[in-house]
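So the structure is just underneath, and the comments pick up after that.
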Amino acid sequence: MSGRQAKVVTDSMLRKMLAQTRKSSRPMRDRVIILLSCKAGLRACEIAGLEWSMLLDPKGRIGNLVVIEDRIAKRQSGRRIPLHPSLKGALSLLREQEGTDGPVIRSSRGGAMKPNSIVNWFVELYSELNYEGCSSHSGRRTFITTAARSAHRAGGCLRDVQLLAGHRSLSMTQSYIDGDTDAQRRIVSMI
């Protein structure tokens with residue numbers, strides 16, 4: 001895949017990915033990994049470094065934000081990302097199983113998973129599902145592309161997507177956005 005961008009995950013692919021977690025020895029953890037990637041746009045290093053304290057409100061409940069601290073973000077690009085409802089629900093179930101101390105995503109030995117282990121986890125998942133061209137960055141590209149396509153409906157703009165992604169430059173955010181030939185046809189027909 002060298003030199004090419006990771007493929008974007010479609011809705012049907014995401015459903016199959018989430019269904020695949022039911023076969024896992026850690027189904028709730030694995031569901032959360034997928035949703036952190038696709039519904040929050042987190043990088044592998046951010047998924048690995050995420051701690052429960054970054055998700056809890058002052059009363060100790062799962063809040064409405066994922067707070068990515070600078071120390072776990074690439075190039076100190078910490079940010080706050082609103083929690084998607086499906087991710088919040090999955091986190092609540094994971095919390096019931098594993099408690100709220102330390103890392104959210106734990107290895108089978110109980111410690112935090114390493115970023116490279118997250119990358120390899122996605123490689124294995126995509127291989128099991130025969131999804132060629134996908135990588136641990138596919139969920140992030142999906143999140144950014146979906147956010148960019150939805151920003152205008154929410155009263156936002158590409159700058160809002162840039163902030164959610166934690167990119168320093170708007171051109172970097174733009175490079176993540178996947179084009180859509182059907183949308184291009186509709187745009188041209190409106191001219």
Side-chain angles (χ1 to χ4, degrees), residues 1-18 31-50 54 65-88 90 104-105 113 115-127 129-188:
M1 227 181 79
S2 179
R4 294 186 307 180
Q5 287 189 309
K7 280 177 77 172
V8 170
V9 174
T10 65
D11 289 341
S12 65
M13 289 169 70
L14 179 58
R15 283 191 297 277
K16 289 177 185 170
M17 290 164 62
L18 293 172
R31 183 176 190 83
V32 168
I33 291 172
I34 292 167
L35 294 173
L36 286 169
S37 180
C38 294
K39 298 298 184 182
L42 270 55
R43 300 171 175 102
C45 65
E46 295 165 343
I47 294 171
L50 191 66
M54 298 176 199
L65 295 170
V66 178
V67 179
I68 302 300
E69 296 178 4
D70 285 346
R71 66 185 171 88
I72 71 163
K74 184 177 178 182
R75 295 191 183 133
Q76 305 288 298
S77 59
R79 60 207 182 276
R80 295 170 172 267
I81 305 164
L83 263 179
H84 187 278
S86 63
L87 175 54
K88 188 172 184 174
V104 174
I105 305 301
M113 283 183 75
N116 201 45
S117 297
I118 298 289
V119 170
N120 291 335
W121 183 91
F122 275 109
V123 167
E124 189 174 319
L125 174 67
Y126 291 130
S127 175
L129 294 170
N130 294 316
Y131 291 168
E132 291 185 27
C134 291
S135 75
S136 62
H137 235 53
S138 290
R140 183 165 166 75
R141 268 200 85 212
T142 302
F143 174 80
I144 293 169
T145 297
T146 304
R149 290 178 182 164
S150 305
H152 71 283
R153 289 194 308 268
C157 65
L158 204 49
R159 172 78 173 136
D160 296 306
V161 178
Q162 176 191 355
L163 294 171
L164 288 170
H167 287 148
R168 291 185 183 204
S169 74
L170 197 54
S171 62
M172 177 57 76
T173 303
Q174 289 174 313
S175 72
Y176 274 70
I177 301 168
D178 196 40
D180 182 341
T181 53
D182 291 335
Q184 292 165 17
R185 280 190 207 100
R186 289 190 300 272
I187 291 166
V188 170

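Atom CG of Asp11 has 12 or fewer neighbouring heavy atoms from other residues, nucleotides or ligands inside a 6.0 Å radius. Environment of NZ in Lys88: crowded, with over 12 heavy atoms of neighbouring residues, nucleotides or ligands closer than 6.0 Å.
No side-chain donor-acceptor contact under 3.5 Å links Arg149 to the backbone of Ile177. Checking side-chain atoms of Ser150 against main-chain N and O of Ala147 turns up no donor-acceptor pair under 3.5 Å. A side-chain donor-acceptor contact under 3.5 Å links Asp70 to the backbone of Gly78. Gln162 places a side-chain N or O within 3.5 Å of a backbone atom of Arg168 that can act as its donor or acceptor partner.
Partners of Gln76 by side chain to side chain donor-acceptor pair (under 3.5 Å), not counting sequence neighbours: none found. Evaluation of the side chain to side chain donor-acceptor pair (under 3.5 Å) rule for His137 yields Tyr176 as partners, not counting sequence neighbours. For Lys39, the side chain to side chain donor-acceptor pair (under 3.5 Å) test picks out no residue, with sequence neighbours left out.
Val9 has its side chain within reach of Tyr126: a pair of non-hydrogen atoms, C-beta onward, lies under 4.5 Å apart. A 4.5 Å side-chain heavy-atom check between Thr10 and Thr142 finds every atom pair outside the cut-off. You'll find the side chain of Val161 stays beyond 4.5 Å of the side chain of Leu170, heavy atoms only. Asn116 is listed as a side-chain neighbour of Asn120, based on a closest heavy-atom distance under 4.5 Å. Ser77 is listed as a side-chain neighbour of Arg43, based on a closest heavy-atom distance under 4.5 Å. In this structure, the side chains of His167 and Ile144 come closer than 4.5 Å at one or more pairs of heavy atoms. Between Leu42 and Ser37, every side-chain heavy-atom pair lies at or beyond the 4.5 Å cut-off. Ile81 places none of its side-chain heavy atoms less than 4.5 Å from the side chain of Leu65.
If you take CG on Leu163 and CG on Asp160, they are separated by 6.5 Å, rounding to the nearest 0.5 Å. With rounding to the nearest 0.5 angstrom, the CZ atom of Arg80 is 12.0 Å from the CG atom of Leu83. Rounding to the nearest 0.5 Å gives a distance of 9.0 Å between CG of Leu50 and CD of Glu69. Here CD of Gln5 is found 10.0 Å from OG of Ser138. Values are rounded to the nearest 0.5 Å. The SG atom of Cys38 sits 9.0 Å away from the CE atom of Met13 when rounded to the nearest 0.5 Å. Atom NZ of Lys7 sits about 7.5 Å away from atom CD of Glu132, to the nearest 0.5 Å.
Across all non-hydrogen atoms, the minimal contact from Gly49 to Met54 is O-CE, 3.7 Å. Across every non-hydrogen atom of Ile33 and Ile47, the tightest pair is O-CD1, 3.9 Å. Of all heavy-atom pairs spanning Pro115 and Ala48, the tightest one is N-CB, 3.6 Å. The minimum heavy-atom distance linking Tyr131 with Ser12 is given by the pair OH-O, 4.4 Å.
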Fill in: side-chain contact (heavy atoms from CB on, under 4.5 Å) assessment of Ser86 paired with Leu35
CA-CA 8 Å; Ser86 63; Leu35 294 173; 4.1 Å; yes

Item to complete: Any chance you could lay out the side-chain contact (heavy atoms from CB on, under 4.5 Å) test for Glu46 and Arg79, step after step, and finish with the verdict?
Response: CA-CA 11 Å; Glu46 295 165 343; Arg79 60 207 182 276; 2.8 Å; yes

